[in-house]
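Report on the following structure.
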There are 2 protein chains.
Amino acid sequence: MTSLDRFDLKLLHILQRDARLTLGQLSERVNLSTSQCSRRLARLEREGVIQGYSLRVSPDALGLQVTAFIFLSMDKHRMDDPRSAVAALLKRDEVIECHTVTGNHDFIIKVVVGSLGALSSFLAEVVSPLDGIHDIATQVAMDTLKTNGPLRTD
Amino acid sequence: MTSLDRFDLKLLHILQRDARLTLGQLSERVNLSTSQCSRRLARLEREGVIQGYSLRVSPDALGLQVTAFIFLSMDKHRMDDPRSAVAALLKRDEVIECHTVTGNHDFIIKVVVGSLGALSSFLAEVVSPLDGIHDIATQVAMDTLKTNGPLRTD
DNA sequence: CCATTATGCGCAATAATTTTGCATAAAAGT
DNA sequence: ACTTTTATGCAAAATTATTGCGCATAATGG
């Protein structure tokens, strides 16, 4: 078990918002020396609290203009192993997120693609052919008010 | 307009997966000098292709064990300005993502909170009190098969 | 089609940042 | 209270990032 004190939480709070601050800038804000910040971060990484560092890229700049949520229901017997039921989906770069959920559907899947045409192809060529599909519903995002929001640290 | 050549795309592809590679490591993989990688990244940041750098933090380590999707419908007249209709939500740290969507509901909102109790409080104290709410539906994620997947770059 | 200009490049010097050895101080355990 | 462990800051060392410069290549314009 890993316990996080207020310094750790503050580091995580700040770095979630800008992971490119230098240790110098970080140390000012949390009131610790740079060396200690460095060591604490190393520990948080080692213990898996920090899972990685990534870029936020503008989807538009990549020509990805459509975000959609796909709701999937499977035939009952396919749900003993949810992961393998949608294994083919998880590998696809269009799939940003995939969860099993309570409610009418079994999976909720977030995809980001170039166009409505690409969404349509994805549904027809990747989702529909999956084994044991019972139902597919799709909702297209028109306006993204917030994404990749940081987790609360307090 | 910003055009991205194969080097830019390769940089974005790699850094989305690990934004902490050094310019040296990066330069090997893309076959460019470190100085040129540095300059290209500076440009991508300047032009907004790279929107920022962030941490992937383990929700569990922060005691955040519940991910849920909240579906919100508003009274018709509240939807002329979607953003202000949910402005109070966007500020909240529990809200990771918020979109307007096609279909039965107006908004889809992803939240990450500590417990089902916290989810319940959030719904009762933050969502329900919003002005002009017509309907609320919630789906709790049981298993997260993929999150924060990188965008496709090709 | 050549001249001019602009853009992209790598190298090497410089600057900035991160990591580590070490001594000290604070906590924790006995 | 005493010992052991853990956390800390400082300063040196190592690593990494940035920039000036000269050269090449490609785009622009006459």
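Every chain is numbered from 1 and lettered A, B, ... according to where its sequence line falls, protein lines coming before strand lines. None of these values were measured; they are calculated from a predicted model.
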Check the distance between C:dT7's P and B:Asp8's CG and give it to me in whole angstrom.
-> 15 Å

Test item: A:Lys110 side-chain N/O and A:Ile96 main-chain N/O as donor-acceptor pair under 3.5 Å | no

Per atom distances to the B:Thr22 side chain, the nearest of D:dT8, D:dA17, C:dC9 is D:dA17

Taking the nucleotide of DNA chain D with the closest heavy atom to each, which residue, A:Arg20 or A:Cys37, is nearer the 5' end?
-> A:Cys37

B:Glu28 has an atom CD; how far is it from atom P of D:dA17, in whole Å?
-> 13 Å

Of all the nucleotides listed (C:dG10, D:dT18, D:dA17), which has the minimum atom distance to the side chain of B:Ser38?
-> D:dT18

Hunt down any stem DNA chain D takes part in, defined as 3 or more consecutive Watson-Crick or G-U pairs whose two distances are each under 3.5 Å.
-> C:1-30 with D:1-30

Checking all strands, does A:Arg40 fall into the base, sugar-phosphate, or nothing category for heavy-atom contacts under 4.0 angstrom?
-> sugar-phosphate

Hey, does B:Ser35 reach any base, or is it just sugar-phosphate, or nothing, if we go heavy atoms under 4.0 Å?
-> base

Out of A:His99, A:His105, A:His134, which one pairs with A:Phe71 under the ring pair (Phe, Tyr, Trp, His ring centres under 6.0 Å) rule?
-> A:His105

Nearest whole angstrom, please: distance from the C1' of D:dA26 to the CG of B:Asp5.
-> 14 Å

Would you call B:Asp93 and A:Arg17 a salt bridge, using N to O less than 4.0 angstrom?
-> yes

Transitively linked via ILVMFWY side-chain contacts under 4.5 Å: B:Leu151 with A:Leu90?
-> no

Among C:dT18, D:dG9, D:dT16, which is the nearest nucleotide to the side chain of A:Leu23?
-> C:dT18

Measure the distance from CZ on A:Arg46 to C1' on D:dT6 and round it to the nearest whole Å.
-> 13 Å

Taking atom C1' of D:dA7 as reference, at what distance in whole Å does atom CG of A:Leu32 sit?
-> 10 Å

Apply side chain to side chain contact (heavy atoms under 4.5 Å, CB included) to B:Asp154 and B:Leu9, showing your working.
-> CA-CA 7 Å; B:Asp154 52 284; B:Leu9 293 174; 5.9 Å; no

In whole angstroms, the gap separating P of D:dT8 from CZ of A:Arg6 amounts to 10 Å

Rounded to the nearest Å, what distance is computed from the CD atom of residue B:Glu45 to the P atom of nucleotide D:dA17?
-> 12 Å

Do you reckon B:Phe107 sits in the same ILVMFWY cluster as B:Leu89, going by side-chain contacts under 4.5 Å, direct or chained?
-> yes

Between C:dT17 atom P and A:Leu21 atom CG, what is the distance in whole Å?
-> 11 Å

Which listed nucleotide (D:dA7, C:dC11, D:dT18) is nearest to the side chain of B:Arg39?
-> C:dC11

Using a cut-off of strictly less than 4.0 Å, decide whether B:Gln36 has a side-chain nitrogen or oxygen near OP1 or OP2 of C:dG8.
-> no

CG (A:Asn104) with more than 12 external heavy atoms under 6.0 Å | no

